[in-house]
**Student:** 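The structure follows.
Below, chain A is the first sequence line, B the second, and so on; all start at residue 1.
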Protein chains: 6
Amino acid sequence: MNNSERYQRGLRTLFALDEIGGQQFLERLESIVPDFVDRVVEFPFGDVLSRSGLDLKTRELITVAALTAMGTAPAQLRWHIRSAVNTGCARAELIEAMIQMAVYAGFPAALNGLYAAKEVFDEMDAGAEQTVKA
Amino acid sequence: MNNSERYQRGLRTLFALDEIGGQQFLERLESIVPDFVDRVVEFPFGDVLSRSGLDLKTRELITVAALTAMGTAPAQLRWHIRSAVNTGCARAELIEAMIQMAVYAGFPAALNGLYAAKEVFDEMDAGAEQTVKA
Amino acid sequence: MNNSERYQRGLRTLFALDEIGGQQFLERLESIVPDFVDRVVEFPFGDVLSRSGLDLKTRELITVAALTAMGTAPAQLRWHIRSAVNTGCARAELIEAMIQMAVYAGFPAALNGLYAAKEVFDEMDAGAEQTVKA
Amino acid sequence: MNNSERYQRGLRTLFALDEIGGQQFLERLESIVPDFVDRVVEFPFGDVLSRSGLDLKTRELITVAALTAMGTAPAQLRWHIRSAVNTGCARAELIEAMIQMAVYAGFPAALNGLYAAKEVFDEMDAGAEQTVKA
Amino acid sequence: MNNSERYQRGLRTLFALDEIGGQQFLERLESIVPDFVDRVVEFPFGDVLSRSGLDLKTRELITVAALTAMGTAPAQLRWHIRSAVNTGCARAELIEAMIQMAVYAGFPAALNGLYAAKEVFDEMDAGAEQTVKA
Amino acid sequence: MNNSERYQRGLRTLFALDEIGGQQFLERLESIVPDFVDRVVEFPFGDVLSRSGLDLKTRELITVAALTAMGTAPAQLRWHIRSAVNTGCARAELIEAMIQMAVYAGFPAALNGLYAAKEVFDEMDAGAEQTVKA
């Protein structure tokens, strides 16, 4: 059991994004890189996303924008669309971010972001858990 | 003179981002693609960035995050760092967005974002205009 | 009903690329971003692809080359392979473009382009409609 | 039959990476670009991967790292993970390379690499052949 | 002296793109990877760009489009803009390709392509040789 | 003064890559993100690059390959070419990695890697310190 402050803070932030999805994420990592799981909790979630200066909702919005623009991580994009909603981002704000990426990363990137958002929103409306592990 | 609503709205949004830099941008485009300049004012600035649903400051923040993550447009990244400040984004918020990109796009992308931010902030402190045309 | 010249021109160009696929594309967008659909018809199709200076066949060829090189939009790549054929591009020309991308974007990008082309051509030979929505 | 030294050397190198997968790869290419198959054997496999200066195991390790970082060729990444193991790369070394890519290309890229490695290793443990053609 | 057909064909194609620039390119490579220079002449220029099926002008146009969209090789983009003109591509066609990339890769990529085209055209008008080695 | 084991281990690894360059890197970061510098020492250098399973020389080689393939971080690529040499990588091995990236990421990426290597090697031969801060 890792009781370090960084780990505990990371865990709280991860679960604030998506508690069930976060638990599944850690279990999946545990089966592949057991000695690196704690580092994943500590650095991205404990050291970075937990920083003050931007609230978690805004942090998720910029992650969604960046992943949409990059276009290389569709599973992670879906995970963060759900996390963005979970942390208070309005669906309409996410749609706006997707549309805006047409300007900076092109229409294919923006369209793929919009389609992903639609699928995640539909899934959430159906009361379903995250189906894409990321 | 283009008096269409879309063009006029685009021009207002462009100049809200950076009036002097926006003017230089249009002049540069005019010398290369004179029959496309109005489309550039209309679509990205008039049709997209002018949409309600996200305020201009948040729009600039997600553009800065996306361009930092992509890493392929350093001049435009600098332009939008300045525009983000011009539209009310705190410098500290931009720094947070850069740091966060280390998680999603890697440290080199984040570092180049941080170095760009430092240079733009120093330039602004010195009272200087945008030196990178974008 | 949008009767603007830009919208009508965009619609004609979109349908010249793929009439059934284009209709499905607009319906899909309508269900996600109803207030942005007209902009998608107007800007990419009405303002850009409808420009003179390059014929539509050549425009589709360079889009196919670019999407193959980028490697981030496989659904849109398939859509444009079909559109390229629809606008007069010989299958052999598309294959040449894919091969050439091995030089500029690497073999994995080129191979994925070639596999996509094979699948689209087989689908067209079977008289089937576009199966990938993009 | 191509008896050139370059072709024969390329074939040996390709089959050293994955004999069954390599054969399937050539058959797939033969059905799409019959007049380019020999060039694919000759250049990447005969001219580049067969060079001295780095052993084949190290070559596969850097290819796996690069494809993980790029994130645009998931099928080819899986193919090369298997080839890396076939040429003597320890599974643990591949996992290390994936983890390291979190630093240089971000966590989503690294996670997708780790998930791909897990799937390929499980497939190999089940005695199965390559299921992803690349 | 390499008298192989592939090498000689590659050299002719390279020099058709840009004779002085091509010579400088080979000299630069000679100083870094002397035992790989012939492979660079043979594969991209002798095996790929020399293929029939697309004329050299069209090949340069799609390379320019792809490099503009990728945004990661500004020096090579400039080299190929000049080569495209040298092989018969109208300046206006190159400008059209750049504009079109705004749709598929975003405005920053397209703008950087347009700026590069302007600089290369100005350089050619001044009677100057390629200043960027690529 | 941060006396944590992770920080101290990170510092040793950073200085093993490049002592003077590493010191400059920390000073530069200190001037921009003083409260994040320790995290940069701890995570990439202390948690990742210090892991056993791959020696530091091999780690630098795969980083150089990945950055060459990505093409988005030229300053960091140069920094790691020098670090690779500092940790025991033969120059010829780095050149081989660059050549190999032509296959997986295209010739422009490989050429830019080769040119960067040449410049770093020349700089080292002249007894000069790192000139590119990264």
**Student:** Quick one: of E:G71, E:G106, E:A117, who has the most non-hydrogen atom pairs under 4.5 Å with chain B?
**Tutor:**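 Most pairs with chain B among the choices: E:G71.
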**Student:** Under the ring-ring contact (aromatic ring centres under 6.0 Å, His included) rule, what pairs show up with a residue in residues 4-23 of chain E, not counting sequence neighbours?
**Tutor:**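 Qualifying pairs, neighbours excluded: none.
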**Student:** Take E:N112 and B:Q76, measure what side-chain contact (heavy atoms from CB on, under 4.5 Å) needs, and give me the verdict at the end.
**Tutor:** CA-CA 9 Å; E:N112 288 328; B:Q76 284 77 19; 3.1 Å; yes
**Student:** Let's go through E:L14 and E:L26 carefully: what are the C-alpha distance in whole Å and the side-chain angles of both, what is the deciding distance for side-chain contact (heavy atoms from CB on, under 4.5 Å) to 0.1 Å, and is it a yes or a no?
**Tutor:** CA-CA 10 Å; E:L14 171 59; E:L26 296 184; 3.8 Å; yes
**Student:** Determine which residues belonging to residues 41-63 of chain B lie within contact range of chain E, meaning some heavy atom pair is under 4.5 Å apart, and list them by number or answer 'none'.
**Tutor:** B:F43, B:P44
**Student:** Do you know the tightest heavy-atom contact between E:S83 and E:D18?
**Tutor:**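 Looks like OG-CB, 4.0 Å.
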**Student:** Given side chains that start at C-beta, do those of E:E5 and E:Q8 come closer than 4.5 Å, heavy atoms only?
**Tutor:** no
**Student:** Can you check whether E:P108 reaches B:T72 side chain to side chain, under 4.5 Å on heavy atoms?
**Tutor:**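 No. Closest side-chain heavy atoms not under 4.5 Å.
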**Student:** Could you please state which residues from residues 86-105 of chain E sit under 4.5 angstrom from chain B, measuring non-hydrogen atom to non-hydrogen atom, sorted by number, or 'none'?
**Tutor:** E:I95, E:I99
**Student:** Given side chains that start at C-beta, do those of E:E27 and E:Q23 come closer than 4.5 Å, heavy atoms only?
**Tutor:** yes
**Student:** Could you check if a side-chain atom of B:V120 sits within less than 4.5 angstrom of a side-chain atom of B:W79, using non-hydrogen atoms only?
**Tutor:**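 No, too far: nothing below the 4.5 Å cut-off.
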**Student:** Please find the pair of heavy atoms, one from B:G113 and one from B:T68, that lie closest to each other, and give the distance.
**Tutor:** CA-CG2, 4.0 Å
**Student:** Under 4.5 Å between any side-chain heavy atoms of B:E119 and B:E123, yes or no?
**Tutor:** no
**Student:** Do any of residues 29-40 of chain B come closer than 4.5 Å to chain E, heavy atom to heavy atom, and if so which ones, in number order?
**Tutor:** B:L29, B:S31, B:I32, B:V33, B:F36, B:V40
